[in-house]
Asks: 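Mind looking over this structure? Questions follow.
Per chain, numbering begins at 1; letters A, B, ... match sequence-line order. Here the structure is a predicted model, which is why all the values come from computation and not from measurement.
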Amino acid sequence: MTEHYVPKHFDIESFQDALLDWFEQNLRDLPWRRDKDPYKIWVSEIMLQQTQVDTVIPYFEKFIERFPTLESLAEADEEEVLKLWEGLGYYSRARNLHQAVREVKSEYGGKVPDTREEISRLKGVGPYTAGAILSIAYNRPEPAVDGNVMRVLSRLFHVRDDIQRPATRKKFEASIRQLIAVHNPSYFNQALMELGALVCSPKSPGCLLCPVNAFCQAHQDGVQEELPVKGKAKPPREVDMVAGVIMKGGQVLIHKRPDSGLLAGLWEFPNTERQKGEDWEETLSRFLYESFSIKAETAGHVMDVKHTFSHLRWNLRVFQCEIIEEEEASLPPSARWVDLSALDDYAFPVSHGKIVKRLQQDGD
DNA sequence: CATGCGTGGCT
DNA sequence: TAGCCAAGCAT
């Protein structure tokens with residue numbers, strides 16, 4: 001067995017009992033807890049990656065209403081899947097889920113695999129999600145170590161290893177294999193996460209209300225506020241962007257982003273990065289000609305959009321553009337003229353969604 | 001192992 | 001305001 005953090009004489013059974021008793025009294029009524037359909041558990045776990053419960057709930061409801069079964073999602077167009085994911089972020093999650101669901105339908109007869117080996121081969125299913133599905137949907141004694149669990153265990157065992165390091169996560173997984181209640185792995189894993197979300201919170205943890213405070217080394221040492229240890233993220237890089245709103249006969253030009261990288265597969269208004277010292281409007285005009293074969297000049301400022309990603313900070317300056325001349329035949333296949341009323345059919349990232357809203361307001 | 005990948009809420 | 005945080009994964 002790999003190295004773990006569980007002390008020699010830790011009373012595992014008493015800990016399990018205290019944790020499970022608390023969970024059964026305090027578990028939240030969440031939409032994905034209404035049944036144990038592995039498909040729905042899967043969808044919820046993908047949506048919950050790096051995303052808070054309150055944010056996920058309405059997305060999950062709409063998604064399952066439209067795609068109630070694995071088969072219905074498998075048969076859907078990717079565009080519609082992305083549209084339902086619009087605003088949720090980390091969009092490759094949606095595309096990976098869609099691809100993986102299609103694979104389960106074709107390779108596993110529509111049944112979500114129930115072994116770590118098989119389920120981990122699916123796109124978008126990493127160590128955490130594999131463990132979550134296996135334990136919650138199939139009641140298998142597999143660890144599901146997320147940020148909550150690492151925070152709880154860091155405090156429970158007074159661990160000062162950096163939780164950002166993959167090696168640390170593996171030691172936590174080994175710890176869970178020691179701790180997990182084999183008679184109810186589903187509740188055990190959910191209880192640890194629920195405890196992290198409701199009691200053992202990042203700031204001001206509620207130790208006085210905690211059902212396992214008697215087991216907690218950090219509480220005993222009075223250092224719970226210092227844990228877990230986590231390396232600091234570097235600040236986002238600043239990028240200036242220029243975008244053009246180009247109208248022709250009541251239609252506007254939009255562009256589909258490539259299927260990899262930032263905001264993959266989403267739609268946007270034609271835009272490019274402004275190089276240092278370059279003129280905004282000059283940059284836009286040259287870009288529109290080189291990428292869309294459209295000779296245009298700017299005809300007014302529409303709006304500025306400031307948008308911060310995890311690793312980027314966009315300062316997006318949007319201009320109205322007037323076409324002087326265009327070569328229709330050489331418009332790239334990723335670009336499309338659409339009616340303003342049809343913009344709602346396309347999935348935009350939040351930054352460009354703000355432009356959509358502005359255009360629809362102005363139309364009123 | 002480090003980095004890229006979204007967004008909204010909270011302090 | 002600026003920074004931190006949230007049921008991570010792919011490369």
Asks: Indicate, with a heavy-atom threshold strictly under 4.0 Å, whether A/Arg257 touches base, sugar-phosphate, or nothing.
Replies: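 Since no nucleic acid heavy atom lies under 4.0 Å of A/Arg257, the category is nothing.
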Asks: DNA chain C: A/Arg169 or A/Lys230, which has the more 5' nearest nucleotide?
Replies: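 Between the two, 5'-proximity favours A/Lys230.
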Asks: Reckon A/Trp314 touches a base, only the sugar-phosphate, or nothing at all at heavy-atom distances under 4.0 Å?
Replies: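 Nothing, no heavy atom under 4.0 Å.
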Asks: For A/Thr55, report the nucleic acid contact type (base, sugar-phosphate, nothing); a contact means any heavy atom under 4.0 Å.
Replies: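 No contact.
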Asks: Base, sugar-phosphate or nothing for A/Gly87? Non-hydrogen atoms, less than 4.0 Å.
Replies: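 Sugar-phosphate, backbone atoms only, no base.
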Asks: When all nucleic acid strands are considered with a 4.0 Å heavy-atom cut-off, which category describes A/Val125: base, sugar-phosphate, or nothing?
Replies: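 The answer is sugar-phosphate, as A/Val125 gets under 4.0 Å only of primed atoms, P, OP1 or OP2.
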Asks: Under 4.0 Å, heavy atoms only, any strand: does A/Leu97 hit a base, just the sugar-phosphate, or nothing?
Replies: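 Contact class for A/Leu97: none.
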Asks: Out of C/dA6, B/dC1, B/dT7, which nucleotide sits closest to the side chain of A/Ala167?
Replies: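 Comparing C/dA6, B/dC1, B/dT7 against the side chain of A/Ala167, the answer is B/dC1.
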Asks: Do the side chains of A/Glu142 and A/Arg177 get close enough for a salt bridge, i.e. N-O under 4.0 angstrom?
Replies: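 Salt bridge: yes.
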Asks: With heavy atoms under 4.0 Å as the rule, sort A/Pro235 into base, sugar-phosphate or nothing.
Replies: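 No contact.
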Asks: Please give the distance between the C1' atoms of C/dA6 and B/dC5 as a whole number of Å.
Replies: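 After rounding to an integer number of Å, I get 15 Å for this pair.
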Asks: For A/Lys123, does the NZ atom sit with more than 12 other heavy atoms under 6.0 Å from it, leaving out its own atoms?
Replies: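 Counting other residues, nucleotides and ligands, NZ of A/Lys123 stays at 12 neighbours or fewer.
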Asks: Salt bridge or not for A/Arg286 and A/Glu278, using N-O below 4.0 Å?
Replies: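 Salt bridge: yes.
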Asks: Step through it carefully: locate the ring centre of A/Phe23, locate the ring centre of A/Phe188, and say whether they are under 6.0 Å apart.
Replies: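 Here the rings of A/Phe188 and A/Phe23 have centres that are no less than 6.0 Å from each other.
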Asks: Under 4.0 angstrom, heavy atoms only, what part of the nucleic acid is A/Ile46 near: base, sugar-phosphate, or nothing?
Replies: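 No contact at all - A/Ile46 keeps every heavy atom at 4.0 Å or more from the nucleic acid.
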Asks: Find the distance A/Leu312:CG to B/dG4:C1' and express it as a whole number of Å.
Replies: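 That distance rounds to 9 Å.
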Asks: Which is true for A/Arg237 with a 4.0 Å heavy-atom rule: it touches a base, it touches only sugar-phosphate, or it touches nothing?
Replies: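 If one applies the 4.0 Å heavy-atom cut-off, A/Arg237 turns out to touch nothing in the nucleic acid.
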Asks: Mind checking if A/Arg121 touches a base, just sugar-phosphate, or nothing, with heavy atoms under 4.0 Å?
Replies: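 Since no nucleic acid heavy atom lies under 4.0 Å of A/Arg121, the category is nothing.
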Asks: When we call it a touch if two heavy atoms are under 4.0 Å apart, what does A/Ser44 touch: a base, just sugar-phosphate, or nothing?
Replies: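 Counting heavy atoms under 4.0 Å across all strands, no contact is made by A/Ser44.
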Asks: Looking at B/dT7, I'd like to know if its phosphate oxygens (OP1 or OP2) sit under 4.0 Å from a side-chain N or O belonging to A/Tyr59.
Replies: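 No, because none of the side-chain N or O atoms of A/Tyr59 sits under 4.0 Å from OP1 or OP2 of B/dT7.
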Asks: In whole Å, what separates the P atom of B/dG6 from that of C/dT11?
Replies: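 Comparing P positions in B/dG6 and C/dT11 gives a spacing of 14 Å.
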Asks: In a check of side chain to side chain contact (heavy atoms under 4.5 Å, CB included) between A/Tyr91 and each of A/Asn96, A/Leu262, A/Leu266, which one passes?
Replies: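 Exactly one option meets the side chain to side chain contact (heavy atoms under 4.5 Å, CB included) with A/Tyr91, and it is A/Leu266.
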Asks: Using the side-chain heavy atoms of A/Arg151, tell me which of these nucleotides is nearest: B/dG6, C/dG8, C/dA6.
Replies: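 The listed nucleotide nearest to A/Arg151's side chain is C/dA6.
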Asks: Atom CG of A/Asp54 to atom P of B/dG9: distance rounded to whole Å?
Replies: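 After rounding, the reported distance stands at 9 Å.
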Asks: Could you work out which one of B/dG4, C/dC4, B/dT7 sits closest to the side chain of A/His311?
Replies: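 Comparing B/dG4, C/dC4, B/dT7 against the side chain of A/His311, the answer is B/dG4.
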